[in-house]
Amino acid sequence: MEIVSKNLNIDFMRVRRAAVILSILWLIAAAAAIAIRGLNFGIDFTGGTLIEVGYQQDVQLDSVRQALADGGFDGATVQRFGTPRDVLIRVAPDAASEEKNSAEVSDRVLRALSAAADGEVDMRRVEFVGPQVGDELTEDGALAVLVALIAILMYVAMRFEWRFAVGAVAALAHDVLFTVGLFALLQIEFDLQVLAAVLAVIGYSLNDTIVIFDRVRENFRKMRKGTPASIVNASINQTMARTIMTSGTTLVVLLALFFLGGENVYGFSLALIVGVLVGTYSTIYVASAVALWLGVSKADLMPVKKEDVVDDRP
Amino acid sequence: MNQYPLWKNLLVAFVLLVGLLYALPNVFSQDPVIEVSAARGEKVSETTKMAVVNALQRADVPIKADKMLDDGRLQIRFSDSEDQLKARTVVAKALPPDYTSALSISPDLPGWMSAIGGRPMNLGLDLRGGIHVLIDVDMEAAIETAVERYSGSVKTALRGETIRYVSVKESGTSIEVRFKDAQTRDRAEEVLGEELRDLDMSSADEGGSYFIRLVMSPDREREVRKLALSQNITTLRNRVNALGVSEPIIQQQGDRRIVVELPGVQDPAQVKGLLEATATLEYRLVHAGPAEAIEAKASGRAPAGSKLYAERDGTPILLKRQVIVTGDQMTGASSGFDQQSGQPAVIVNLDSNGARRMRDTTTDNVGKPMAVVFKEKRTVSRDAEGKPVRQWVEEVINVATIREPFGARFQTTGLDSPQEAHELALLLRAGALAAPIEIVEERTIGPTLGQDNIDQGMISVAVGLLAVMIVMAIYYKAFGLVANLALVANLVLIVAVMSILQATLTVPGIAGIVLTVGMAVDANVLIYERIREELGVGSTPQASIHSGYERAFSSILDANVTTLIAAVVLFSVGSGPVRGFAVTLAVGILTSMFTALLGTRAVVNLIYGGRRVQKLAI
């Protein structure tokens, strides 16, 4: 069975200018979304307290809010989490109040809730992140992405050629910006797990890019005729079956995770699904296009011939 | 063509066999157990073991097995958690006071499996439930205390040599001592240079004043920090052990943080209170009667040599400034009840120094009242930078008349409840913290959510895996089936490696496995597409297999190395759950390289190798 014909020959590179314009447009949109709407950071980054509780019966959010207000937490956000019995409560950090910045918040919230519901409240999860830790995590997170990009840039430059490395990293930056931008636009919570997913997207998208670059390198050496653009085109076509299969199988498992993995991995799997899709696109229209645009040529990829060492010792 | 040498086939078989062996412990059921440990890491004695087992028999609680563990703890297995819960109270009653018991789960492995070191994977707190806290040690306070201690020594040293000083001031890591004239200063310099070698000393004259400046050297400062951290870790470990939690993790993270992970803990409020507690006791003589105390409270001025305190009900009381003994001098404490009044009490043991002081003081003061002060450091507010401001909160919990002299062992009453007595004894036993701490991060997962997470994780792995296998089988026929074998082998190997490394499986970790499943087939897809291409340009089946594997190799290697880079970065920069993801991702990449390249090749060679083949089922 085959999904794509052996003689597939789509001229991907013909529309590369349009694609680049499209990419630039949505990257501007992504940057604007991040700048204007901002990311809806989870408490991993902002600090604060998050409490997930389960009730025995369906519960009205208003009654939970009332119970919290009675306990002195009128500023808390209350939302449903999956089922009508599960409720997620967030208490933002408050610089003015010592009590809202300590690990004791969760204890007091739980006490307030179980007092109001006659003890019928099941503590499912508590997360507390102090303000200074939140700041550290934000810095570490940004650092992680940066370090990963630089390490990858160096590896690809070493194994291939600098133009490919720049192309690959441009594609990665594109994927990261796009994914993060989408999270900003839709105001989906951005927490540590989503950050991990973004880093995994880097890994995946790179995988994809490397496979095609590998083929491009091979074809540059093998094909005697043809412009760089046509060789890149041929390489993309030759690897198309693989691209579809791999992104397809990866998407299949991610969809399983998205629909069956529970509320806790929602952001994580969503980020990865988006990342796999844009990662596949960016391999063709960002990585390859940038490498071409930088003027990658046959001569750059010829294997370096080792000169014979002449033993001139007497 | 396409035949592996025997050693390669054996290698693949061997690795898979070992993998299977070490993955196997994860299949065995987990028994509820109770673990009994003796105080201070001693072994549980045979008599204690008999006492516990007999008590359980008398109470009709069926035991599945009992065993002494290598570290000297006693482990009792039960068939179900109902028995375990029933046994809990029975065991607690049967144990001598210094023993603790903890509920836990433990896999029921055959002996040979434990003998070869087979253990199931470590489940993260998000899967088994429990509390994770990150604790920040207040290093500035540790330095401050050290400087205060030095300035105390400075004063003592100068007084000892009857050298008069104008003032001793501490600021930051330095102490400034002022003298009236240069001569005194020079003499003091000599004395202090002899006594305080840890400090860098310099002298200065300024506008008729003569100074000595003592500064803590950076080396010494580093030492103080290190000591504060390690002492706090020891204290926290003692406290956690006293709680009776099984498999606790107490670890240093960075240069001022401590991670504490307690699986299965149900009451996070109690745990946090205990970890952060800084309570201690002080014994002082009463200075004067209630009339003077009320007067002192009204005027706000305590008579010389005394200090104003309040009892728990708010009554003012004047105590002597001089402390008889402090918490530092206590070597042991246990809770119980006063035999006469039936009140909850803490029985305290003193070290030889403290005992001597206590005996001297009580001998001289028979018939006079003595007070017990309960001291606790609490966060009262926060400064502009968000740093906590802590203060000692002191209250008198008990005033009693000294009837007869006593020394090393005595009891203190006046506590509100047996629970309070118990917790105070626990704190006194575990020792005081060397520097104040603050919980800066907490993640608690209730037991129900943990089980949900396991179930959902398993289902998504199973469904994802099945779907991928169906696609592969349809698309690549026989070769697809080989890839599926590799996929299953890969999962087994991941589980085996995680079990051997005792790495922790978390929810993001499961997600990492799911992702590896998706990406693991990539290597096989690359190879198979190459084989198809080769067949397409007219190569023979055998040659196609050979060059398919050969040519796909560089792509596979590059792709995996780069993903590995991402995983390593993730591990080194990330924390907690993110690390769990990085570990499974990295392990998955390595094992999938093995199964997808060597593993599938071995099987393909077995099927097609070394014979004439007309057509490949691909």
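Both backbone and side-chain heavy atoms feed into the values below; hydrogens, waters and symmetry mates do not. Lettering of chains follows the sequences in order, A, B, ..., and the numbering in each one begins at 1.
Of the listed residues (B/I459, B/L526, B/V463, B/V521), the greatest number of heavy-atom pairs within a distance under 4.5 Å of chain A belongs to B/L526. Comparing B/V525, B/I565, B/N560, B/T444 by how many heavy-atom pairs each has under 4.5 Å with chain A, the most go to B/T444. Contact count against chain B (heavy-atom pairs under 4.5 Å) is highest for A/A148 among A/G248, A/A168, A/A148. When each of B/M458, B/Q456, B/R551, B/K272 is checked for heavy-atom pairs under 4.5 Å with chain A, B/Q456 comes out on top. Most heavy-atom pairs under 4.5 Å with chain A, from the set B/I445, B/L564, B/T562: that is B/T562. The most heavy-atom pairs under 4.5 Å with chain B, out of A/T250, A/L260, A/V126, A/T246, come from A/V126. Most heavy-atom pairs under 4.5 Å with chain B: of the set A/R159, A/R125, A/R242, this distinction falls to A/R242.
When heavy atoms are compared at a cutoff of 4.5 Å, A/S106 approaches chain B solely by way of its side chain, counted from C-beta outward. If you measure heavy-atom distances from A/L272 to chain B, the contacts under 4.5 Å come from the side chain alone. Contact of B/N453 with chain A is made through the side chain alone, with heavy-atom distances under 4.5 Å. Of the two parts of A/V133, only the side chain, counted from C-beta on, holds a non-hydrogen atom closer than 4.5 Å to a non-hydrogen atom of chain B. Contacts of B/Y476 with chain A are made by side-chain atoms alone, with heavy-atom separations under 4.5 Å and no backbone atom involved. Heavy atoms closer than 4.5 Å to chain B are found in the side chain of A/I210, but not in its backbone.
With hydrogens and angles disregarded, no donor-acceptor distance shorter than 3.5 Å links the side chain of B/S547 to the backbone of B/E550.
Between B/K477 and B/A617 the shortest heavy-atom distance is CB-O, 3.6 Å.
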Do A/R124 and A/E263 pass the salt bridge (Lys or Arg N to Asp or Glu O under 4.0 Å) test, and can you show the C-alpha distance, the side-chain angles, and the key distance before you say yes or no? CA-CA 13 Å; A/R124 293 172 68 77; A/E263 204 76 13; over 6 Å; no

Can you check side chain to side chain contact (heavy atoms under 4.5 Å, CB included) on A/V216 and A/F164, steps first, answer last? CA-CA 10 Å; A/V216 171; A/F164 280 131; 3.8 Å; yes

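Annotation for A/M154: atom CE does not count as buried by contact number, only 12 or fewer foreign heavy atoms lying within 6.0 Å. Annotation: B/D455, atom CG; neighbour count of heavy atoms from other residues, nucleotides and ligands within 6.0 Å is above 12.
Proximity of the aromatic rings of A/F268 and B/F581 is defined here by a centroid distance below 6.0 angstrom, and this criterion is met.
B/R443 forms no cation-pi arrangement with A/F128, by the criterion of a distance under 6.0 Å to the ring centre and an angle within 45° of the ring axis.
Side-chain contact of A/N219 with A/Q238: a donor-acceptor pair under 3.5 Å is present, judged by distance alone.
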